[in-house]
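In what follows, a single structure is set out as structure tokens and then discussed.
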Amino acid sequence: MSSKTTISPAPLLVSPSTAEASQRILDTAERLFAELGYDAVSISMIAEQADVSKANIFHHFSSKDELYATVLRSACAESTRLLDELVSANGSIAERLTYFAQAHIAHLNKHHHIARLVQRELFEDGACRGKQLAEQVCGENFSRLVGILRDGQARGELRHDRDPAMIANLLVGANVFFFQNRELFRHFPDVDFADDPVRYSQMMVEIILDGIIVRHGDASSNSRS
């Protein structure tokens, strides 16, 4: 996708009277970019399927590149909100991470086009596009999650001998893997959680935390010698 340029600055906020059209454009662009790829999607195609004029699209977005960048940023905005809730929520780190994992997998399901779009980007453009996505789209949110885990270590809630970036990678990566392979899992006789993402998230976080959380005087596990 050589025609793509560096992600441009965020567009100006639209007025309430035009917000609905702007969102319809974004939703349509998200779906088409994910299904067909950047180069195969034209502004005319987006306009036709969003039921707006090309002039309307250019009223909100200065170029196809800017529209594409805004689509990618929209997913990160939701992830930012989830991280804000993770920081402000009450409860133990275990309870908050469980909630975050459940909310994250619900986010992936709601914005399935975005999740597939990011994967398409990485498969088609490789390391170069991965660097751009990390630096300009989703890297900041990942760093925030790592920071939250590092704070948990500083408070003595999480083990200090575990890399917080690795923990963050496992939390997010396990959800993405589940989302991408859910249809396959439904056909595995040993998998009974394919249609229960909440239960999946609970079990996943429990397994991860069992290796990282500090348990004072916990001798309840009969799996340890």
field: Verdict with supporting geometry, M204 and N175, side chain to side chain contact (heavy atoms under 4.5 Å, CB included)
entry: CA-CA 9 Å; M204 181 266 290; N175 272 350; 3.5 Å; yes
query: Where do I46 and L67 land on the side chain to side chain contact (heavy atoms under 4.5 Å, CB included) test, with the steps shown first?
result: CA-CA 10 Å; I46 296 170; L67 173 57; 3.6 Å; yes
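Note that CZ of F179 and CD1 of I105 are 9.0 Å apart. Values are rounded to the nearest 0.5 Å. Once rounded to the nearest 0.5 Å, the distance linking OG of S53 with CD1 of I43 reads 11.5 Å. Distance check, rounded to the nearest 0.5 Å: OH of Y68 to CG of L32 gives 12.5 Å. Taken from CD1 in I57 to OG in S62, the straight-line distance is 12.5 Å, to the nearest 0.5 Å.
For K64 and F33, the positive end is not near the middle of the six-membered ring at less than 6.0 Å and at most 45° from its axis.
For D151, the side-chain contact (heavy atoms from CB on, under 4.5 Å) test picks out R155, with sequence neighbours left out. Under the rule for a ring pair (Phe, Tyr, Trp, His ring centres under 6.0 Å), F58 has no partner lying at least two apart in sequence or in another chain. Listed by chain and number, the residues in a side chain to side chain donor-acceptor pair (under 3.5 Å) with Q49 are R31 (sequence neighbours excluded). Partners of E48 by salt bridge (Lys or Arg N to Asp or Glu O under 4.0 Å), not counting sequence neighbours: none found. With sequence neighbours excluded, the residues satisfying side-chain contact (heavy atoms from CB on, under 4.5 Å) with S44 are S42, K54. Residues that satisfy the side chain to side chain donor-acceptor pair (under 3.5 Å) test with D27, not counting sequence neighbours, are Q23. Considering only residues two or more places apart in sequence or on other chains, F193 meets the ring pair (Phe, Tyr, Trp, His ring centres under 6.0 Å) condition with Y200. Contacts of D84 classified as salt bridge (Lys or Arg N to Asp or Glu O under 4.0 Å), with partners at least two apart in sequence or in another chain: R144. Under the rule for a side chain to side chain donor-acceptor pair (under 3.5 Å), N169 has no partner lying at least two apart in sequence or in another chain. By the side-chain contact (heavy atoms from CB on, under 4.5 Å) test, V146 pairs with F142, R150, P164, A165, A168, sequence neighbours left out.
With a 6.0 Å radius and a threshold of 12 heavy atoms from other residues, nucleotides or ligands, M45 has its CE atom above the threshold.
Put simply, the side chain of H60 does not reach to within 4.5 Å of the side chain of T70, judged on heavy atoms. Proximity of V205 to Q102: side-chain heavy atoms (C-beta onward) are nowhere separated by under 4.5 Å. F61 places a side-chain heavy atom less than 4.5 Å from the side chain of L26. Between L149 and L97, the closest side-chain pair of non-hydrogen atoms falls below 4.5 Å. Annotation: side chain of F100 is in contact with side chain of L145 (closest heavy-atom distance under 4.5 Å).
Between F178 and P197, the shortest heavy-atom contact is CE2-CB, 4.0 Å.
The side-chain contact (heavy atoms from CB on, under 4.5 Å) test with I93 singles out one residue from L86, L158, T98, and that residue is L158.
Ring planes of H107 and H104: tilted class, angle from 30 to 60°.
Remark: side-chain polar atoms of Q153 are paired, donor with acceptor, to backbone N or O of R162 under 3.5 angstrom.
Under the 4.5 Å side-chain heavy-atom criterion for Ile, Leu, Val, Met, Phe, Trp and Tyr, I167 and F177 are members of the same hydrophobic cluster. Under the 4.5 Å side-chain contact rule for hydrophobic residues, V87 and L82 share a cluster. Under the 4.5 Å side-chain heavy-atom criterion for ILVMFWY residues, a single connected hydrophobic cluster contains both V176 and V191. M203 is connected to L170 through a chain of hydrophobic side-chain contacts under 4.5 Å among Ile, Leu, Val, Met, Phe, Trp and Tyr, so both are in one cluster. Tracing side-chain contacts under 4.5 Å through hydrophobic residues (I, L, V, M, F, W, Y), one reaches L36 starting from I25; they form part of the same cluster.
Residues near Y99 contribute nothing to a hydrophobic cluster around it, because no ILVMFWY side-chain heavy atom sits closer than 4.5 Å to its side chain.
Listed by first and then second residue, the side-chain hydrogen bond (donor to acceptor under 3.5 Å, both in side chains) pairs that reach into residues 187-196 are R186-D195, D192-R199, sequence neighbours excluded.
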